[in-house]
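A short write-up of the structure that comes next.
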There are 2 protein chains.
Amino acid sequence: MKLSSRTEYGVRAMIELAEAHGGGPVAVREVAEKQGISEKYLEQLFAALRKEGLIASQRGAQGGYTLAKAPGDIRVGDIVRALEGPIALCDCLANGEDDAVCHRMGECAAHPLWVKLQDGITSILDSTTLQDMIAGASGDSANDMGGNSEEESRDEQDLP
Amino acid sequence: MKLSSRTEYGVRAMIELAEAHGGGPVAVREVAEKQGISEKYLEQLFAALRKEGLIASQRGAQGGYTLAKAPGDIRVGDIVRALEGPIALCDCLANGEDDAVCHRMGECAAHPLWVKLQDGITSILDSTTLQDMIAGASGDSANDMGGNSEEESRDEQDLP
DNA sequence: AGTAAATCCTACTGATTCGGTAGGAATTAT
DNA sequence: ATAATTCCTACCGAATCAGTAGGATTTACT
Ligand code: FES
Ligand code: FES
């Protein structure tokens with residue numbers, strides 16, 4: 001019940017890219033400095049994000065990274081999965097009904113709760129896009145956030 | 001995004017106690033064997049659960065543990081907190097509004113999401129009691145579980 | 001009284017994960 | 001050519017995790 005710094009950093013970095021979306025590529029160094037993250041470490045996170053097709057790279061001088069899709073098409077869940085693999089709360093929930101689920105499932109009264117919890121988490125993560133975050137609001141579902149909508153709105157606005 | 005075996009084991013063990021509620025104390029060994037958990041390890045989990053007042057112990061021969069309250073009064077969230085400390089998804093969420101929250105909060109577009117996620121998790125965990133679990137159903141909220149209600153009902157039934 | 005069954009307490013350990021460094025090869029705008 | 005940048009892979013120290021170990025204390029039962 002603690003999100004790794006991979007996730008924290010990754011999401012913050014992606015927000016940075018989302019805010020720069022439409023302009024040119026952004027260098028890792030720049031994002032790292034703005035967010036106070038180790039540059040070399042962030043480099044590795046970006047590699048993972050690129051491998052999953054969430055961001056695109058431009059090599060060489062003046063290069064950097066850009067979002068591979070519109071901010072509205074990238075869900076936080078996608079970022080988390082890219083950085084940590086499938087969201088599986090415990091081994092008993094071998095995500096995807098495929099294989100190797102717990103042999104105790106039939107008799108385990110806890111199992112339905114883990115399923116519910118995992119679904120809850122996944123649904124929150126997948127109902128929020130980068131667009132939602134930089135706009136200050138959250139995803140769709142009934143359940144809305146605390147409600148402190150800061151009035152400082154970022155500049156960018158893009159129509160692909 | 002992975003629950004520790006402390007949590008998994010702890011909850012399963014508490015379910016075991018809940019099912020035995022009303023009868024005499026249950027020894028650690030018995031729970032450990034039924035659930036396939038290391039006895040000595042479980043012993044430590046029980047120590048933590050007792051310290052938090054969720055279970056009570058009876059020392060000496062024929063001793064063991066019993067729930068300290070009715071199964072309906074023990075929420076899964078209580079168990080998790082007893083075993084892992086306050087549920088805080090990240091340091092930026094120094095649970096309880098007290099101190100040392102992130103200095104980046106004002107400018108951090110991710111923060112509201114973490115709050116939302118943490119609230120979601122907490123609310124699921126706190127809306128499910130041991131009673132709910134051994135009865136096969138989940139907590140209150142609109143969102144209900146998969147719905148596979150096994151017909152094997154355990155024996156115990158108690159009115160305190 | 002004696003014994004066996006149990007909780008209680010604390011220290012240690014091996015493995016894994018985490019967060020981060022390090023160094024350098026390949027690519028590209030200027 | 002050069003400087004800026006991504007890319008790749010290996011390594012490292014610290015922390016956490018899951019579990020062991022051993023023994024002191026308490027208590028029911030005979
Ligand atoms: S122990 Fe595997 S489903 Fe609960
Ligand atoms: S970095 Fe602390 S609130 Fe986002």
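Everything numeric in this text was worked out from a predicted model, so none of it was measured. So you know, we letter chains A, B, ... as the sequences are listed, proteins then strands, and number each from 1.
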Just checking A:Tyr65: base, sugar-phosphate only, or nothing, at a heavy-atom cut-off of under 4.0 Å?
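Sugar-phosphate contact only.
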Students often get this wrong, so: under 4.0 angstrom with heavy atoms, is A:Ala47 touching a base, only sugar-phosphate, or nothing?
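A:Ala47: no heavy atom of the nucleic acid under 4.0 Å.
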Report each atom pair, protein N/O against N/O of nucleotides 13-17 of chain D, whose distance is under 3.5 angstrom.
none

Which residues satisfy the side chain to side chain donor-acceptor pair (under 3.5 Å) test with B:Lys34, sequence neighbours excluded?
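So B:Lys34 forms no side chain to side chain donor-acceptor pair (under 3.5 Å) with any residue.
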Under the rule for side chain to side chain donor-acceptor pair (under 3.5 Å), what residues qualify as partners of B:Arg12, not counting sequence neighbours?
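Applying side chain to side chain donor-acceptor pair (under 3.5 Å) to B:Arg12 gives B:Gln35.
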Where protein sits on nucleotides 23-30 of chain C, one letter per nucleotide: B base, S sugar-phosphate only, - none, heavy atoms under 4.0 Å:
BB-BBBS-
Is the closest side-chain donor-acceptor distance between A:Thr122 and A:Asp119 under 3.5 Å?
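No, because no side-chain N or O of A:Thr122 sits under 3.5 Å from a partner of the opposite role on A:Asp119.
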Which pairs would a plain distance check flag for residues 46-67 of chain B, meaning a side-chain donor or acceptor within less than 3.5 Å of a matching protein atom at least two apart in sequence or in another chain?
none

Please name all residues satisfying side chain to side chain contact (heavy atoms under 4.5 Å, CB included) with [X], sequence neighbours left out, ordered by chain then number.
| X | answer |
| --- | --- |
| A:Ala27 | none |
| B:Asp73 | B:Lys69, B:Ala70 |
| B:Gln44 | none |
| A:Lys40 | A:Ser38, A:Glu43 |

side-chain hydrogen bond (donor to acceptor under 3.5 Å, both in side chains) pairs, two or more places apart, involving residues 77-87 of chain A
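Output for this query lists A:Ser4-A:Glu84, A:Thr7-A:Glu84, A:Arg75-A:Asp78, A:Asp78-A:Arg81, A:Arg81-A:Asp126.
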Less than 3.5 Å between a donor and an acceptor, one on the side chain of B:Gln44 and one on the base of C:dT10, is that the case here?
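Side chain to base: no pair below 3.5 Å.
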The helix from C:dA1-D:dT30 to C:dT30-D:dA1: angle between end helix axes, five pairs per end, rounded to 10 degrees
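If I round to tens, the end axes sit 10° apart.
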Hey, could you give me each pair passing salt bridge (charged side-chain N to carboxylate O under 4.0 Å, His left out) that has a residue in residues 20-33 of chain A? Not counting sequence neighbours.
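Matches after skipping sequence neighbours: A:Arg29-A:Glu39.
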